[in-house]
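Keep in mind that the numbers below use all heavy atoms, side chains included, and drop hydrogens, waters and symmetry copies. Note that ligands are numbered from 1 as they come in the structure, with each ligand's atoms numbered from 1 the same way.
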Amino acid sequence: MAHRSGRHFLQIPGPTNVPDRVLRAMDRPTIDHRGPEFQTLGREVLEGVKPVFGTAGSVIIYPASGTGAWEAAIVNTLSPGDRVLMFETGHFATLWRNLAQRFGIECVFVPGDWRHGVPPDAVEQHLREDRDHTIKAVMVVHNETSTGVTSRVPLVRRAIDAAGHPALLLVDTISSLGSIDYRHDEWGVDVTVAGSQKGLMLPPGLSFNAISDKALAASKTNRLPRSYWDWEDMLKPNATGFFPYTPATNLLYGLKEAVAMLMEEGLENVFARHDRHAEATRRAVRGWGLEVLCAEPAEYSGSLTAVMMPDGHDADALRRVILERFDMSLGAGLGRLAGKVFRIGHLGDFNDLALLGTLTGVEMGLSAAGVPHRKGGVEAAMAYLEAGDAKQMAAD
Ligand SMILES: *Cc1c(COP(=O)(O)O)cnc(C)c1O
C-alpha cells in the first residue's frame, strides 16, 4: 500500500495506540535474560505492575497473548470434570467458555442478550442451588470487548459471599485493566487475567495472571496438566527477578514505562479520563440518532462503545469506507453481532482531540457510506467536553 501521511487512527478496542514514550523505551538492544541487568528490570516490572491490578500479591507475566493467560488461569486452578459458572455476556465470554471446555471443564453457561453484564442475583441463585459445591469457579469477563458492557465485579463478589459459596472468582480484565477501575485484592478476585495491548498501551505479546492466596492453594492440588503455564515454575525464579524461560525483554522495558505513565497520571485520573471520553462518545452516538448497544447505564464501558447500525446497513461496509477515506480502523462486530455493530475504542493512550478526531471520522464516514443519521454528534461530544472543562476550571 502507498504511504499515507499523518498518523493512522487505530480506534479498535485493542491493540491500542502505543505512546511514543513506550516505543522509545523498547527501542533498546536485547540483554542477557540471565544477567544482573535483567534482574533489575525483572524485579522492577514484577513489583511495579502490582498497583495497576490493585494487588499486593503475585502477578505472573507471560510472553503470550491474552488467550494464553486465559488458559493459564484454568490449568492452574481447575481439574478435569470440574464445573464452572459463566454468563454469556458476549463473544469473549463465549471464547473463554470454549477454551475451558477443551480442558474437560463442564461450563454452566447462562444465556444472555449481549447487551447486559453478569447479573449478580443470578450468580447468587445458581450458587445457592449448588448445595454440594460442585461449582469450582465463577468466570467473568469484566469488560466485554465485543459489546462495550462492563460487568460489576464487586456485586458478583458480594453475590458469591451472600450464597456462602467457596467457588473461585476468575476475572478477564484484558480490555479494562488500566482503563476502567479494577481492584484485585479489594474485590476478592482469585485470578485476574490481563493483556498488554489494550489499556496497558503496549504492543501485543504480554499477558498476566494476578493470583490470590486461595488460587495459589488451589494450584497445589488441582489436576489439569500444564508446563509452560505453570505458576510454581514461574514464581520460583520470579522471586529473584528472573523467568523460567526467555521473557519478552523489550516488552518488559515498555511495561516499565507504561506503568510509570499510569502512575504519573494517577489511576483515578486515568479511569475518570476514560469515563469522560466514553460519555462524550455516547452523546455523539445519540446525536447521530444511533443507539448504543449497552442497555444498562450502570454497565457502560469506559474502554469502548459499540454502536448499532440502522436496519439494512452493514457495519463492515461503513468501516471499510472510514478506513479508505480517513485512515481510521474501527472495531468490527464479532460473533452474532457481525455487520450489526461497529465499535469505537477509547481505551489506552487517548485525549480529547484524539477522541474528537475519531468521532469526526465516524460522522464523516456515516455520510460517505450513505448511512442515515443526523448531524451534530461531534458537536454534542464537544459540548460535553467543554462543559466538563468549565466545571473543572471553576473548581480550581
Ligand atoms: C482481546 C481480548 C481477549 C483476547 O486476547 P488476545 O490477546 O487476543 O489473546 C480476551 N478477552 C477480552 C475481554 C479481550 O478484550
Ring centroid separation His274 to His346 under 6.0 Å: no
For residues 325-333, tabulate all N or O donor-acceptor pairs below 3.5 Å that involve a side-chain atom, not counting sequence neighbours.
| from | atom 1 | to | atom 2 | distance (Å) |
| --- | --- | --- | --- | --- |
| Asp327 | OD1 | His8 | ND1 | 3.0 |
| Ser329 | OG | His8 | NE2 | 2.9 |

Residue from Ile105, Leu78, Thr77 passing side chain to side chain contact (heavy atoms under 4.5 Å, CB included) with Lys136: Leu78
His277: ring-ring contact (aromatic ring centres under 6.0 Å, His included) partners, not counting sequence neighbours: Phe350
One line per pair, note the atom names and distance for all nitrogen or oxygen contacts under 3.5 Å between ligand 1 and the protein.
| from | atom 1 | to | atom 2 | distance (Å) |
| --- | --- | --- | --- | --- |
| ligand 1 | 7 (O) | Gly66 | N | 2.8 |
| ligand 1 | 7 (O) | Gln197 | NE2 | 2.8 |
| ligand 1 | 9 (O) | Ser65 | OG | 2.5 |
| ligand 1 | 9 (O) | Gly66 | N | 3.2 |
| ligand 1 | 9 (O) | Thr67 | N | 2.8 |
| ligand 1 | 9 (O) | Thr67 | OG1 | 2.5 |
| ligand 1 | 11 (N) | Asp172 | OD2 | 2.7 |
| ligand 1 | 15 (O) | Thr145 | OG1 | 2.4 |
| ligand 1 | 15 (O) | Lys198 | NZ | 2.6 |

Crowding at CE, Met308 (>12 non-hydrogen neighbours, <6.0 Å): yes
Partner residues of Trp70 under the ring-ring contact (aromatic ring centres under 6.0 Å, His included) criterion, sequence neighbours left out: Trp96
